[in-house]
Amino acid sequence: GRACVVDEALSTPPTTLVCRVSEAAERSPSLGDADASAIAVSVHVADGAVVSAEVCDACAFTYAVALTPEVASVVGPDVVVVGSSITIAGSGFSTTTGDNLVALGDDGACAVTSVADDGTSLECVVDEVPAGAKEVRVLVGGDANKGYSLTPLVDPQVSNETRTSLAASIEVNPIVTSVSPAAGSVGGGTTVTIAGRGFDGSDESANSIALGNTVCDVVRASA
């Protein structure tokens with residue numbers, strides 16, 4: 001089965017658990033195909049030993065095609081940087097702007113600014129995110145509570161495990177806004193501060209700087 005990660009327990013002692021569903025292991029190439037069968041729900045509680053819950057006969061979950069938002073295309077400027085506006089076309093988005101969250105890969109987001117009246121497109125502004133290729137997914141929450149979008153598969157033999165390479169994506173580019181100081185010793189040793197956006201703050205070695213043909217070693221990356 002697929003894991004449903006528990007986000008919170010709603011009382012003490014808890015009588016309600018809330019979890020976020022993982023993506024289905026397999027699906028058809030077209031989102032218009034029939035739904036899969038309902039799958040059983042199981043709950044386990046670890047209190048020293050793991051104890052399995054008794055589950056009612058009607059307690060099941062179905063990955064439903066009708067509730068799956070779809071991202072068909074992502075359009076932005078020729079060079080996408082932090083602050084760029086992009087348009088995501090598809091279907092199944094919430095018409096309430098705040099109910100749609102756009103994820104860019106695993107480490108970025110795009111702030112939704114508007115949604116079409118029929119829920120077939122939305123516009124968002126790229127938030128702070130390290131540069132690179134980013135898969136675009138829309139999480140439709142709020143009252144709709146549909147979950148994450150998918151991108152239609154072209155090849156029916158492709159599983160969700162390798163779907164990422166076919167998914168809608170954008171390339172986010174870093175941008176440099178200032179270099180200080182603008183001059184230094186011919187002998188080297190000057191500490192140069194480069195300001196901008198789209199740098200990697202979690203791993204200094206992921207950033208590289210060259211002044212002409214000369215490498216400038218990164219000694220610190222910060223906000």
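Below, all heavy atoms of this structure are taken into account, side chains as well, without hydrogens, waters or symmetry copies.
I39 and V41 fall within a single hydrophobic cluster, where Ile, Leu, Val, Met, Phe, Trp and Tyr side chains are chained together by heavy-atom contacts under 4.5 Å. The hydrophobic clustering, which links ILVMFWY residues whose side-chain heavy atoms are closer than 4.5 Å, places I209 and V215 apart. V176 and V192 end up in the same hydrophobic cluster when Ile, Leu, Val, Met, Phe, Trp and Tyr side chains are linked at under 4.5 Å. Both L211 and V179 are part of a single hydrophobic cluster, where members link through side-chain heavy atoms under 4.5 Å apart.
When all heavy atoms of P77 and S85 are compared, the closest pair comes out as CD-O, 3.5 Å. Across S185 and T190, no two heavy atoms sit closer than the pair N-OG1, 3.3 Å. Shown here for G92 and K146, the closest heavy-atom pair between the two residues is O-NZ, 3.0 Å. Of all heavy-atom pairs between V140 and P69, the closest is CG2-CG, 3.6 Å. When all heavy atoms of I86 and G76 are compared, the pair lying nearest together is CG2-CA, 4.0 Å. Scanning all heavy atoms of the two residues, the minimum distance from H44 to S52 falls at ND1-OG, 2.9 Å.
Heavy-atom neighbours of D118 CG from other residues, nucleotides or ligands within 6.0 Å: above the threshold of 12. Around atom CG of D106, no more than 12 heavy atoms belonging to other residues, nucleotides or ligands sit under 6.0 Å away.
Not one N or O on the side chain of D127 forms a donor-acceptor pair closer than 3.5 Å with the backbone of A111. Judged purely by atom type and a 3.5 angstrom limit, N207 uses its side chain to pair as donor or acceptor with the backbone of D200. Under a 3.5 Å cut-off, the side chain of S180 and the backbone N or O of T193 do not form any donor-acceptor pair. Side chain of T177 to main chain of A195: a donor-acceptor pair is present (N/O by atom type, distance under 3.5 Å, no hydrogens or angles).
Put simply, CG on N100 and SG on C110 are 11.5 Å apart, with the number rounded to the nearest 0.5 Å. Here OG1 of T113 is found 5.5 Å from CD of E123. Values are rounded to the nearest 0.5 Å. Here the straight-line distance linking atom CG of D117 with atom OG1 of T95 works out to 8.0 Å at 0.5 Å rounding.
Each of I88, T97, T96 was checked for a side chain to side chain contact (heavy atoms under 4.5 Å, CB included) with V115, and the lone residue meeting it is T97. Screening V80, V74, V126 for a side chain to side chain contact (heavy atoms under 4.5 Å, CB included) involving L104 leaves a single residue, V126.
Contact annotation: the side chain of L150 approaches that of E23 to within less than 4.5 Å [non-hydrogen atoms, C-beta and beyond]. In this structure the side chain of S205 never reaches within 4.5 angstrom of the side chain of V218, judged on heavy atoms. Side chains of V82 and F199 form no contact here, defined as non-hydrogen atoms less than 4.5 Å apart. Proximity of S149 to E70: side-chain heavy atoms (C-beta onward) are nowhere separated by under 4.5 Å.
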### Task
Begin with the C-alpha distance, continue with both residues' side-chain angles, and end with the deciding distance and a verdict on side chain to side chain contact (heavy atoms under 4.5 Å, CB included) for Y148 and V71.
CA-CA 10 Å; Y148 277 109; V71 171; over 6 Å; no

### Task
Under the side chain to side chain contact (heavy atoms under 4.5 Å, CB included) rule, what do K134 and S169 come out as? Steps first, then yes or no, please.
CA-CA 5 Å; K134 307 293 178 181; S169 64; 5.9 Å; no

#### Entry: Verdict with reasoning, V102 to L122, per side chain to side chain contact (heavy atoms under 4.5 Å, CB included)
CA-CA 10 Å; V102 177; L122 58 81; 3.9 Å; yes

